[in-house]
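Report on the structure given below.
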Amino acid sequence: MEILTLKNLTFSYPEQTRRVLDDVSFSVDEGDFCVLAGGTGGGKSTLLRLCKPTLAPHGTCTGEILYKGVPLDNLPARESALRIGFVCQMPDQQIVCDKVRHELVFGLENLGLPQKEISRRVAEMASYFGIEPWFDLPISALSGGQKQLLCLASVMVMRPDLLILDEPTSQLDPIAAAEFLHTLRKLNRDFSLTVLIAEHRLEELVPMCDKLIVLDGGRLLGADTPRALAPVIAAHPLLLASMPTALRVGCALEDSRYPLSIKEGREMIASYAHQGTRALPKQTPLQDRSPALEFKNVYFRYDRAGHDVLEDLSLTLYTGETLCVLGGNGSGKSTMLKAAAGLCKPYTGTVTVLGKRMRELRGQALYRECLSLLPQDVQTAFLCNTVREELADAKITPDALPFDLSHLQDTHPYDLSGGEQQLLALSKALATKPKILLLDEPTKGLDAEKKTALAEILRTLKAQGVSILMVTHDVEFAALCADRCVLFFRGAAVSDGTPRAFFAENSFYTTAARRMTRGYFDEAVTVRDVVALCKGETV
């Protein structure tokens, strides 16, 4: 039975002529695990929010959305709250209470359920999600992964039939993201829960989903099993670039098996492993460069009675280097960037910027063509009511932008998609002409095309002598553009190396290409590496 049906859905935002969604029609059956894919600004978030009446954006909408055959507009508010759950991209925007226990009971209390029923549901759900050990904690004490899991649990305690998720893993490290996605699949199997999820992280989602729904510029390209859609996607290079590594390698090798998972990819690689060269040239770290940014034995804590978030941190970023920092949620990566930007002051140790200690940089000296930070929450960088005004405020002319935002000039920054907000904030950060660029999750919300463009921009900046320190969970992007990678653990850098050496040594903080070729090829960490080795070429 169809639980969700979209018929000729078209939508545009107020005072906008561009159609964000254009004649979209598809259906979702009960118990399906569906993945919504497409480019940045392609209408994914808009479509999902239209399926949740209380979150539906203002604008001109035509067509129909049916829930179990009933028009969504006719669904009673209580029924909608109970039957359709929604988990958004930013957990802090969804959480409304101060403690974990309060967040779990909030929705049930608002529906007026008996206290005994609330207690039973909450106890059962907290046990299912493993929340019991931190049940009494304040939400401020939770990691990003725990907050996202809490959002999921607080929705699931309502017992929805349909669960909608908008890029829920965008702020999670690779391990936490994998655990979160497997929890979703388990809910789908255990409760026949219907799942509709939009994501740019498709490596694990595509192999596990029942139906892949692909949007291309607001129009539906296809809605079918991933295997059935593979030949269609292969004909669209920009969409293919966002697909799992196995499929991208298979298409590059013109392999008609269209592998989707790591396992299928390894079976394909086995038939090529005997051909050509086995290893790639060794990467060498940048040498004879002066330090641009240095941490020496740095300690920092947010609360005098709390634990150290940065603990004996020593790290050097060299001039003209791109250094990527990876690690788990709560390991201190973002705090390290804040310390570099002068936003938090270590209680011991030194931070040196371009040869000067932080305390020697008075007033705006740290930021005047010296250092710029792209924060994790990019909305904090917006001060105006339209994109046009934001660009004017930063003294940026539209033709000088590294990305095309011309069609968004009169849009409020908060009405942009997550990826578009990222591009706007990055443009403002680059406008200050920094010598050191600090980036906190710069690829969040970006599709493969925009990531490729961002990588090219970073290469250009590096060639101009700009030093780039990037915190990221995107291991594929780090492998593509880093000169050196560092693993953070408990507030300190515990290992580092060139991308090939770094990812080849790791089991979890590594790329899909490395997992797929382990034992067959040495240090192949990108799709390009794998394809070259399969063809007997060098990179």
Side-chain angles (χ1 to χ4, degrees), residues 90-92 139-145 147 170-173 291-317 321-354 356-368 370-383 421-422 425-426 428-430 432 434-444 466-474 486-494:
M90 306 277 286
D92 287 329
I139 287 170
S140 59
L142 303 185
S143 69
K147 286 181 181 178
S170 64
Q171 299 192 81
L172 303 186
D173 64 72
L293 176 67
E294 284 187 284
F295 294 85
K296 287 186 178 179
N297 309 115
V298 168
Y299 287 80
F300 174 81
R301 62 179 62 169
Y302 285 101
D303 185 349
R304 181 171 293 184
H307 69 282
D308 288 323
V309 180
L310 300 179
E311 186 172 355
D312 197 23
L313 170 63
S314 294
L315 181 67
T316 301
L317 170 70
E321 179 186 40
T322 298
L323 176 60
C324 287
V325 179
L326 301 99
N329 292 102
S331 61
K333 304 184 301 300
S334 294
T335 301
M336 177 265 298
L337 289 185
K338 290 177 183 177
L343 300 179
C344 58
K345 184 179 179 181
Y347 68 84
T348 188
T350 59
V351 181
T352 306
V353 181
L354 298 178
K356 294 184 178 181
R357 292 193 175 191
M358 186 69 73
R359 63 172 175 263
E360 298 174 20
L361 297 167
R362 306 289 183 182
Q364 293 295 308
L366 180 62
Y367 310 110
R368 193 178 297 117
C370 176
L371 179 147
S372 187
L373 168 67
L374 176 72
Q376 189 175 87
D377 183 2
V378 294
Q379 289 188 352
T380 59
F382 303 142
L383 306 171
Q421 289 181 350
Q422 201 78 8
L426 176 61
K428 293 188 68 174
L430 294 177
T432 63
K435 294 181 177 68
I436 299 173
L437 182 60
L438 309 178
L439 303 172
D440 199 348
E441 296 292 343
T443 64
K444 181 176 61 182
V466 177
S467 307
I468 301 165
L469 180 57
M470 182 194 316
V471 165
T472 184
H473 292 312
D474 192 336
V486 168
L487 183 64
F488 239 58
F489 180 69
R490 294 176 67 84
V494 296

inquiry  = Could you check whether any side-chain N or O of E441 sits under 3.5 Å from a backbone N or O of H473, counting only pairs where one atom can act as donor and the other as acceptor?
reply    = yes
key: Derivation and outcome, side-chain contact (heavy atoms from CB on, under 4.5 Å), residues E294 and L315   = CA-CA 6 Å; E294 284 187 284; L315 181 67; over 6 Å; no
note = Smallest heavy-atom separation, S334 atom then D440 atom, equals OG-OD2, 2.7 Å
ask   = To the nearest 0.5 Å, how far apart are CD1 in I468 and CG in L323?
value = 10.5 Å
request  = Look up atom CG in L317 and atom CE in M470, then write down how far apart they are to the nearest 0.5 Å.
outcome  = 11.0 Å
note = Tightest non-hydrogen contact, residues L310 and A339, listed as CD1-CB, 4.3 Å
ask   = Would you call L426 and L439 a side-chain contact if the rule is heavy atoms closer than 4.5 Å?
value = yes
inquiry  = Keeping N329 on the side-chain end and D173 on the backbone end, is there a donor-acceptor pair under 3.5 Å?
reply    = yes
query = Just by distance, do the side chain of R301 and the backbone of R304 share a donor-acceptor pair under 3.5 Å?
reply = yes
ask   = How about L469 and V325: do any of their side-chain heavy atoms sit closer than 4.5 Å?
value = yes
query = Just wondering, do K296 and V351 contact through their side chains at under 4.5 Å, heavy atoms?
reply = no
ask   = Do K345 and M358 have side-chain heavy atoms sitting under 4.5 Å apart?
value = no
ask   = More than 12 heavy atoms of other residues, nucleotides or ligands under 6.0 Å from CZ of F489: is that the case?
value = no
inquiry  = Just verifying a value: how many Å separate L374 CG and L337 CG, rounded to the nearest 0.5 Å?
reply    = 9.5 Å
query = Of the non-hydrogen atoms in A340 and F295, which two are nearest, and what is the gap between them?
reply = CB-CZ, 3.7 Å
key: Backbone N/O of K333 and side chain of K338: donor-acceptor pair under 3.5 Å   = no
inquiry  = If I compare all heavy atoms of S331 with all of G327, which pair ends up nearest, and what's the gap?
reply    = OG-C, 4.0 Å
message = Rounded to the nearest 0.5 Å, what separates atom CG in L438 from atom CG in L293?
response = 7.0 Å
task = Using a cut-off of 6.0 Å, state whether more than 12 heavy atoms not belonging to R490 lie near its atom CZ.
result = no
query = Is there side-chain contact between D377 and M90, with at least one heavy-atom pair below 4.5 Å?
reply = yes
task = Output yes when a side-chain donor or acceptor of S467 lies under 3.5 Å from a complementary backbone atom of I436, and no otherwise.
result = no
Note, K435 side chain near C370 side chain (heavy atom, < 4.5 Å) = no
key: L437 side chain reached by P434 side chain, heavy atoms, under 4.5 Å   = yes
task = Just do the side-chain contact (heavy atoms from CB on, under 4.5 Å) check on V494 and F488 with the steps written out, would you?
result = CA-CA 6 Å; V494 296; F488 239 58; over 6 Å; no
query = How close do A341 and L366 get, heavy atom to heavy atom, and via which atoms?
reply = O-CD2, 3.4 Å
Residue of the set V309, V471, L313, L343 for which side-chain contact (heavy atoms from CB on, under 4.5 Å) holds with T335 = V309
query = Can you find a heavy atom in the side chain of F300 that is under 4.5 Å from one in the side chain of M336?
reply = no
